[in-house]
Protein chains: 2
Amino acid sequence: MIVINCVKRAMSLAIHHRALLIHNLPTESTSAMADKNTDRPAPTMADVARAADVSKSTVSRAFTQPNMLGVETVDRILEVARLVGYVPNHAARALSTGRHGNVALVVPDVANPFFPPLIRAAQMEADRSNFCVFLGNSDESWRQEDKLVERFVSQVEGLALVASRLSEERIRHHAAKRPLVLINRDIRGIPRVLIDSSIGVNDAMAHLADLGHERLVYVSGPASSWANQQRRAAVRSGAKAYHMEVTIVAAKVPSYESGRAVVPDILASNATAVLAFDDLTAQGIMTGIADRGVSVPGQISIVGCDDVLGAATYPSLTTVSNRSDEAGRAGMSLLLDMLNSRAVGDACLVLDTHLVVRNTTAPKPNRAPRRPAGAD
Amino acid sequence: MIVINCVKRAMSLAIHHRALLIHNLPTESTSAMADKNTDRPAPTMADVARAADVSKSTVSRAFTQPNMLGVETVDRILEVARLVGYVPNHAARALSTGRHGNVALVVPDVANPFFPPLIRAAQMEADRSNFCVFLGNSDESWRQEDKLVERFVSQVEGLALVASRLSEERIRHHAAKRPLVLINRDIRGIPRVLIDSSIGVNDAMAHLADLGHERLVYVSGPASSWANQQRRAAVRSGAKAYHMEVTIVAAKVPSYESGRAVVPDILASNATAVLAFDDLTAQGIMTGIADRGVSVPGQISIVGCDDVLGAATYPSLTTVSNRSDEAGRAGMSLLLDMLNSRAVGDACLVLDTHLVVRNTTAPKPNRAPRRPAGAD
DNA sequence: CTATGTTATGCAACCGGTTGCACGTCAAGG
DNA sequence: CCTTGACGTGCAACCGGTTGCATAACATAG
């Protein structure tokens with residue numbers, strides 16, 4: 001066995017182990033290798049047909065339309081198939097039927113905690129209908145997203161794009177060739193499910209206004225994100241309704257680091273409350289602020305979005321909660337509906353959100369927060 | 001536009017919107033529908049061949065072996081292809097070449113924060129080689145995992161199983177038909193990458209011993225998890241080395257809830273330190289313990305594994321850190337190596353781990369922790 | 001006993017690419 | 001001038017299924 005500890009780069013390790021493993025193949029391993037892909041190339045329908053003494057067509061029907069055949073024939077074929085270890089070939093089937101039994105799911109960032117529950121729910125929903133799901137990570141880039149979609153399109157029956165960064169034109173282009181649903185992106189004529197955070201954001205602003213806050217910073221997310229546009233708009237309208245003054249600070253990508261990075265801008269604004277595009281950003285902001293000796297929520301209140309951290313932060317984060325898994329399930333369900341019945345149209349499902357008040361919001365301090373104690 | 005707020009079950013909403021959307025299709029939407037899938041069924045190679053006045057073979061070669069053709073021929077064909085919007089058909093290609101350009105990645109639980117970084121890294125690594133990746137969620141069940149693998153196998157070139165719950169026999173079975181790598185599962189003869197947490201666990205026990213702790217609880221994870229077996233073994237050997245008494249408490253699945261559930265057992269054990277299978281479990285334990293009025297780390301020290309929560313908990317969690325993304329990248333890289341060069345063997349890459357000391361560990365209290373203050 | 005179904009199965013074409021082999025052209029070598 | 005080889009391209013078979021149509025067997029009705 002080869003052991004390499006603490007390898008830093010995949011490339012280097014790939015080279016290493018390959019170089020090393022030429023030798024020491026225990027006999028069992030060698031025989032295992034002999035098995036591998038050396039056995040006849042997997043039984044096909046023709047093999048089964050021969051073994052069961054019927055035609056290819058009959059074998060095919062035994063799997064797809066059993067009631068068209070004699071019961072004992074079907075039984076015999078299935079038995080034979082099991083014995084020889086036959087597994088139908090998806091690709092071949094897709095070629096003649098046009099039905100691949102696959103769907104694609106594309107998200108901006110798998111590692112952002114907003115998405116995993118959504119992915120999981122979508123995956124399991126697809127699984128219930130025996131669909132396989134391709135996962136794509138667009139890395140917040142529309143080019144990457146477009147490339148992925150293009151690569152997927154020839155082997156899927158439908159696509160679900162989550163928080164798509166693509167232009168409306170590209171989305172329509174793709175939707176024209178394959179059934180496509182959007183999650184957290186709002187384009188007329190394309191079926192979509194939306195998490196309406198404007199409700200929760202509005203609640204949050206009412207909550208802050210109640211606490212006496214008058215100056216708010218909204219830390220925005222990706223410009224091409226529908227959720228961001230919607231949240232910003234909700235902040236704007238909330239500002240009017242509750243007579244608050246709003247400053248917008250931009251964090252390009254939603255992440256812990258982005259949050260930390262915008263802390264100076266936040267403190268410079270003289271605001272007493274912060275609404276962040278998402279919890280990750282909010283968390284970064286919290287630690288950044290704490291590092292500068294400003295207390296939360298004593299001097300500044302903070303509200304996040306998405307409720308993906310639970311009560312794990314300290315102080316526990318007040319946030320706008322939604323059920324992203326629900327969006328995933330609903331989106332996939334919608335897509336599967338489209339695949340079964342052509343009866344689709346301008347469907348739009350809206351899931352609502354609500355404010356969860358925890359411990360990062362408190363009444364406005366008497367004086368505006370001091371400048372950070374430390375330098376920089 | 002149809003709006004349905006606060007829908008609870010996907011099924012019901014699917015029915016709803018379908019019922020509702022028969023009407024109100026704005027004209028633009030209607031025309032969009034007309035486009036959809038109504039246009040000729042996507043241009044094929046034959047279409048391009050006709051348009052470029054060459055044979056199918058030539059078009060094929062223009063894409064796959066351009067240097068076999070005259071340069072101007074290639075240029076013309078590519079141009080024509082672009083014009084008619086031709087996109088090669090993965091499935092058809094796979095049928096004749098046997099190369100699908102797909103790989104499968106199966107994990108126990110997408111939503112467990114240990115996996116998303118790994119998934120993301122694996123996905124992006126595959127993407128660099130223009131591979132599409134299927135994602136499977138085994139839901140911690142070997143049956144589900146087996147089903148997924150079976151479904152994937154006919155349309156992928158290789159598989160990566162993360163923390164597989166399958167029996168060794170099933171894994172060998174699958175490995176015999178397709179290149180397969182394991183992540184966090186150790187089977188001789190099957191290429192694998194392992195995160196060796198025994199190092200970190202040992203460090204953790206040394207750390208606790210330094211602090212004077214003599215009685216430890218190990219909260220175990222899934223029995224079929226290799227990581228769990230490894231960690232438990234490391235705890236056992238550490239117990240010997242540092243003369244600690246160890247109790248094992250079982251949490252079947254690694255989750256926040258499981259952690260909370262085992263708190264009574266932990267407190268009953270009279271131990272002064274806890275090592276949890278993973279951070280999620282540790283987090284559950286922390287809040288459960290806090291709820292009972294026992295202080296961390298004052299009365300009980302807690303150590304997690306995986307370091308997926310960062311410093312977000314309060315107190316921030318001491319934990320055994322690893323880079324799961326590195327494992328994902330290395331695993332996928334290894335798989336791609338196998339696909340390119342048949343030169344594979346008994347490869348085994350081991351990534352190491354280290355202890356990150358934060359604020360949930362402290363010297364052993366003078367007296368063993370009291371029973372919980374509240375009832376139950 | 002023949003006309004008419006009904007049911008179970010086989011034949012062969014087709015899905016959209018890939019590829020071994022054959023063919024034609026043109027240039028260099030004998 | 002004729003061979004020989006390299007080069008560029010086309011033909012046709014093949015990958016592993018699906019499916020419309022034909023056919024054979026058998027039952028029922030006229």
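Order of the sequence lines sets the chain letters (A, B, ...), proteins ahead of strands, with each chain counted from 1.
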Taken in chain and number order and not counting sequence neighbours, the residues that satisfy side chain to side chain contact (heavy atoms under 4.5 Å, CB included) with B:Q155 are A:H90, A:N102, A:C132, B:H100, B:F134
Are A:D53 and A:R76 ion-paired here, with the side-chain N under 4.0 Å from a carboxylate O? no
Taking all non-hydrogen atoms of both residues, which atom of B:L336 and which atom of B:S129 are closest, and how far apart? CD1-OG, 3.6 Å
Take nucleotides 8-20 of chain C nucleotide by nucleotide from the 5' end and write B, S or -, depending on whether a protein heavy atom sits under 4.0 Å from the base, only from the sugar-phosphate, or from neither. SBBBB--BBBBBB
Let's go through B:E168 and B:R172 carefully: what are the C-alpha distance in whole Å and the side-chain angles of both, what is the deciding distance for salt bridge (Lys or Arg N to Asp or Glu O under 4.0 Å) to 0.1 Å, and is it a yes or a no? CA-CA 6 Å; B:E168 175 169 339; B:R172 289 198 187 280; 3.0 Å; yes
When you measure from the side chain of B:N184 to the backbone N and O of B:A163, does any donor-acceptor pair fall under 3.5 Å? no
